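These notes are about the structure you will find just below.
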Amino acid sequence: MRSTHPRSAAVAALVATALATGLLVGSADAAEGGASADPVRIHDIQGTTRISPLNGKQVADVEGIVTGVRTYGSRGFWIQDPDADDNEATSEGVFVFTSSVPTVAVGDAVKVSGTVGEYIPGGVNSGNQSVTQISKPTVTVVSSGNALPQAAAINEYTVPAEYAPAGDPAAGGSVNGLTLDPSRFALDFYESLEGMNVKIGTSRVVGATDPYSELWVTVKGWENAAKRGGTVYGSYESQNTGRLQIQQLAPLAQQPFPVANVGDKLTGTTEGPLDFNQFGGYTLVARTLGTVKAGTLAPEKTKPQAEQELAVATYNVENLDPTDPQEKFDALGKAVVENLASPDIIALEEIQDDNGAKNDGTVSAEQTLTKFTAAITAAGGPAYQWRTINPEDKKDGGEPGGNIRQVFLFNPARVSFTERAPGDAVTATGVVKEQGKAALTHSPGRIDPANPAWADSRKPLAGEFVFRGKTVFVIANHFGSKGGDEGLAAHHQPPVRKSEEKRLLQAQAVNGFVKEILAAEKNANVLVLGDINDFEFSATTEALADGGALYPAIKSLPKSERYSYVFQGNAQVLDQILTSPAIKKFTYDSVHINAEFAAQNSDHDPQVLRFRP
């Protein structure tokens, strides 16, 4: 699971610090607002780069028509100059930050005096682009009921195919100082419309409605289309320029936000100011919201394994603990039986301890696993047994107090677990050769838990299983999260992906262990699986596969089916199963039951691999 932050707390903090942390230092030669005989217009404030040439300056009597009013969160309103200049790089709209509930209305013609600033959602260290705004405003309403400036169209014809310019090396890779080229780069196009009234037509939903009342659409229905309606993120250069986040201006108490799944359509016209926020970048904050037309998407069901096939799955169950509602356990249990066809072995990630986030030193997960396996049995599934190793308290990251860990579930009627001096949280399992075959020194056991690569992160869980007389080594993983990485719309281009450094070390450690097994037994059946928290094309995956030790089985699927998670409208791979060279024939299924839906039992889709050892 990716690191997330509660929106309400984040918004409150951002509003409280909007002026303190959101204003960048103006350059020494910035133009002097008010020094000219001509009045300052909004396009003068916006300028031709991402940073206002009037940053930090006072401006007086800036004229515009109110195009949107936000009464919650970051309170304020947007104004737009109906008399545009002839420079496509300069936006004609700007946000006026009021902190208190604004007293203006849509259609008001106003004059605004205040301080021009650049507010960075999430703070300077987030790497996010900034929002040009006027703060500490004095507002005069000149007239009301005015027609709004015509909305700029965002569609497949207006959004460029290239995502972003390369950042300036002299500025640390930042694009902030570059002159916008909105006809060539999508991020420049969106930036040139920052604060302006924009609209989209009927568009396909590519990111389901989330708990924060937002969804994602694409205005380019053909762009890297997923088989089931989403948009696939298939490389670092395939950012998908047509994606756009949709929110609404109306408070939820006044107008509930529509519930949409991937593949649904947001029909009609959706129109409102174009904002930029911490949780998705450029966002159309709808004054007029289209209507959701439901599609036919249904949760997938994988086919059952044949008698001689071993079915192995991985499933991140999103911080499961006994305090969760029984409905979550029942839904997860039913999914194991009906959607995953009761795999013989399941590697679970994010199983929490017996009291969840309560931070009291508890590390056992017996109650969590008893409740989960009972739910599977109640749904008509097998009586799974489990093997795991309790972590040291507060040593494996995740939700504080939760002590998440990986767990093996297995169906004893189909497969047996080989116990070999079960390890503990701090003891490393090793590889030995017994009668010409590889064996673990501890089963279950942890791989190299003292390695700094696993600091404040989940340690891999290794185990030996026997199916129809054949040994299968299974290594369950939950690599470090992407928390702290810059978003695709960052001002650094390409964005800084700091979290990859840790996962690369983790992948190298697991790859080295697999090579030890293969050195002892060339044709050993080894499966490395879990929430790898990285893409099939990433350096992490390349390191796991190094030397031909493993093959990322999700690559056996067509590109339109390679995903297990949807983030900001991009369907992408986080969960994987990798196979050793002896596993030459297999069938692989990314079973889409969660990530595409507004109603989720987890935010990840489980993966299933079937093969004959």
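Since the structure is predicted, the reported quantities are computational estimates derived from the model, not experimental observations.
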Considering non-hydrogen atoms only, spot the tightest contact between D605 and I593 and give its length. OD1-N, 3.0 Å

Does the side chain of Q600 pick up a donor-acceptor pair with the side chain of N594 at under 3.5 Å? no

Take Y384 and L369 through the test side-chain contact (heavy atoms from CB on, under 4.5 Å) and record every step on the way to the result. CA-CA 10 Å; Y384 282 105; L369 292 165; over 6 Å; no

Using 30° and 60° as the class limits, which term best fits the ring planes of F417 and F408: parallel, tilted or perpendicular? tilted

Report the distance from atom CZ of R610 to atom CD of Q308, rounding to the nearest 0.5 Å. 15.0 Å

Has N570 got a side-chain atom pairing as donor or acceptor with F567's backbone, closer than 3.5 angstrom? no

About how many Å separate CG of D603 and CD of E350, when rounded to the nearest 0.5 Å? 7.0 Å

What pair of heavy atoms forms the shortest contact from A543 to L504, and how long is it? CB-CD1, 3.6 Å

Any donor-acceptor pair under 3.5 Å linking the side chain of R204 with the backbone of G229? yes

Using a 3.5 Å distance criterion without hydrogens, assess whether the side chain of N477 forms a donor-acceptor pair with backbone atoms of F479. no

Electrostatic pair D456-K502, nearest N-O below 4.0 angstrom: no

Report the C-alpha separation of V312 and I577 in whole Å, then their side-chain angles, then the decisive distance to 0.1 Å, and conclude whether the side-chain contact (heavy atoms from CB on, under 4.5 Å) test is met. CA-CA 9 Å; V312 183; I577 302 177; 5.5 Å; no

List the steps, then state whether side-chain hydrogen bond (donor to acceptor under 3.5 Å, both in side chains) holds for S499 with D485. CA-CA 6 Å; S499 71; D485 284 0; 2.8 Å; yes

Is E223 paired with R243 through a side-chain N to carboxylate O contact shorter than 4.0 Å? no

Where is the tightest heavy-atom contact between A425 and P449, given as atom of each residue plus distance? O-CB, 3.5 Å

Report yes if some heavy atom in the side chain of Y315 is under 4.5 Å from a heavy atom in the side chain of E349; otherwise report no. no

State whether the number of non-hydrogen atoms from other residues, nucleotides or ligands found under 6.0 Å of K227 atom NZ is greater than 12. no

Atom NZ of residue position K358 - does it have more than 12 heavy atoms of other residues, nucleotides or ligands inside 6.0 Å? no

One pair to check against side-chain contact (heavy atoms from CB on, under 4.5 Å): L578 and L527. What are the steps and the verdict? CA-CA 6 Å; L578 298 94; L527 292 172; over 6 Å; no

Does T441 reach the main-chain N or O of V432 with its side chain, forming a donor-acceptor pair under 3.5 Å? no

Are H592 and F597 near enough that their ring centres are under 6.0 Å apart? no

Side chains of P494 and Y236, heavy atoms from C-beta outward: is any pair under 4.5 Å? no

Which pair of non-hydrogen atoms, one from R420 and one from E434, has the smallest distance, and what is that distance? NH1-OE1, 3.3 Å

Going through the checks in order, is the side-chain contact (heavy atoms from CB on, under 4.5 Å) test met by L187 and Q493? CA-CA 10 Å; L187 281 191; Q493 290 296 329; 3.6 Å; yes

Shortest non-hydrogen contact from T241 toward A161: CG2-O, 3.4 Å

Rounded to the nearest 0.5 Å, what separation is found between the CZ atom of R503 and the CG atom of L544? 11.0 Å

Taking atom types as modelled and ignoring hydrogens, do the side chains of D575 and T314 form a donor-acceptor contact shorter than 3.5 angstrom? no

Roughly how far, to the nearest 0.5 Å, is the CZ atom of F586 from the OH atom of Y551? 5.5 Å

S213 side chain to F257 main-chain N or O, any donor-acceptor pair under 3.5 Å? no

Enclosure of K559 NZ (heavy-atom neighbours >12, cutoff 6.0 Å): no

Name the one of I246, D264, T218, N261 that satisfies side chain to side chain contact (heavy atoms under 4.5 Å, CB included) with V205? D264

How far does CZ of F611 sit from CG of N525, to the nearest 0.5 angstrom? 5.0 Å

Donor-acceptor check, side chain of N411 to backbone of A413, threshold 3.5 angstrom: yes or no? yes

If the threshold is 4.0 Å, N to carboxylate O, is there a salt bridge linking D534 and K482? yes

Residues two or more places apart in sequence or in another chain: which of them pass ring-ring contact (aromatic ring centres under 6.0 Å, His included) with Y282? Y190, F276

Spacing of T373 atom OG1 and Q385 atom CD [to the nearest 0.5 Å]: 10.0 Å

Under a 3.5 Å cutoff, is there a donor and acceptor pairing between the side chains of T362 and D353? no

Taking T429 for the side chain and I447 for the main chain, is one N or O donor matched with an acceptor at less than 3.5 Å? no

Main-chain N/O of N390 paired with R405 side-chain donor or acceptor, under 3.5 Å: no

Check whether any side-chain N or O of N339 sits under 3.5 Å from a backbone N or O of K301 as a donor-acceptor pair, and report yes or no. no

Sub-4.5 Å side-chain heavy-atom contact between I404 and E399: no

Has K220 got more than 12 heavy atoms of other residues, nucleotides or ligands less than 6.0 Å from its NZ? yes

Taking all non-hydrogen atoms of both residues, which atom of F535 and which atom of T541 are closest, and how far apart? O-OG1, 2.6 Å

Classify the side-chain pair Y563/E596 by whether it contains a donor and acceptor separated by less than 3.5 Å. yes

For the pair E521 (side chain) and A438 (backbone), establish whether a donor and an acceptor sit closer than 3.5 Å, ignoring hydrogens and angles. yes

A quick test of your reading: do over 12 heavy atoms of other residues, nucleotides or ligands sit less than 6.0 Å from NZ of K328? yes

T302 side chain to D589 side chain, donor-acceptor N/O pair below 3.5 angstrom: yes

Does this structure show an ion pair linking E309 with K303, if we count only N-O contacts that are shorter than 4.0 Å? no

If you define the side chain from C-beta out and look only at heavy atoms, does anything of H478 sit under 4.5 Å from N533? yes

In sequence, state the C-alpha distance, the side-chain angles, and the governing distance for Q278 and S126, and then conclude on side-chain hydrogen bond (donor to acceptor under 3.5 Å, both in side chains). CA-CA 8 Å; Q278 177 182 356; S126 69; over 6 Å; no

Quick check: F537 with Y233 (ring centres under 6.0 Å apart)? yes

Charged N to carboxylate O below 4.0 Å: is that the case for R228 and E300? yes

Salt-bridge contact E536-K555 (side-chain N to carboxylate O under 4.0 Å): no

Please tell me if the side chains of Y163 and L488 come closer than 4.5 Å, counting only heavy atoms from C-beta onward. yes

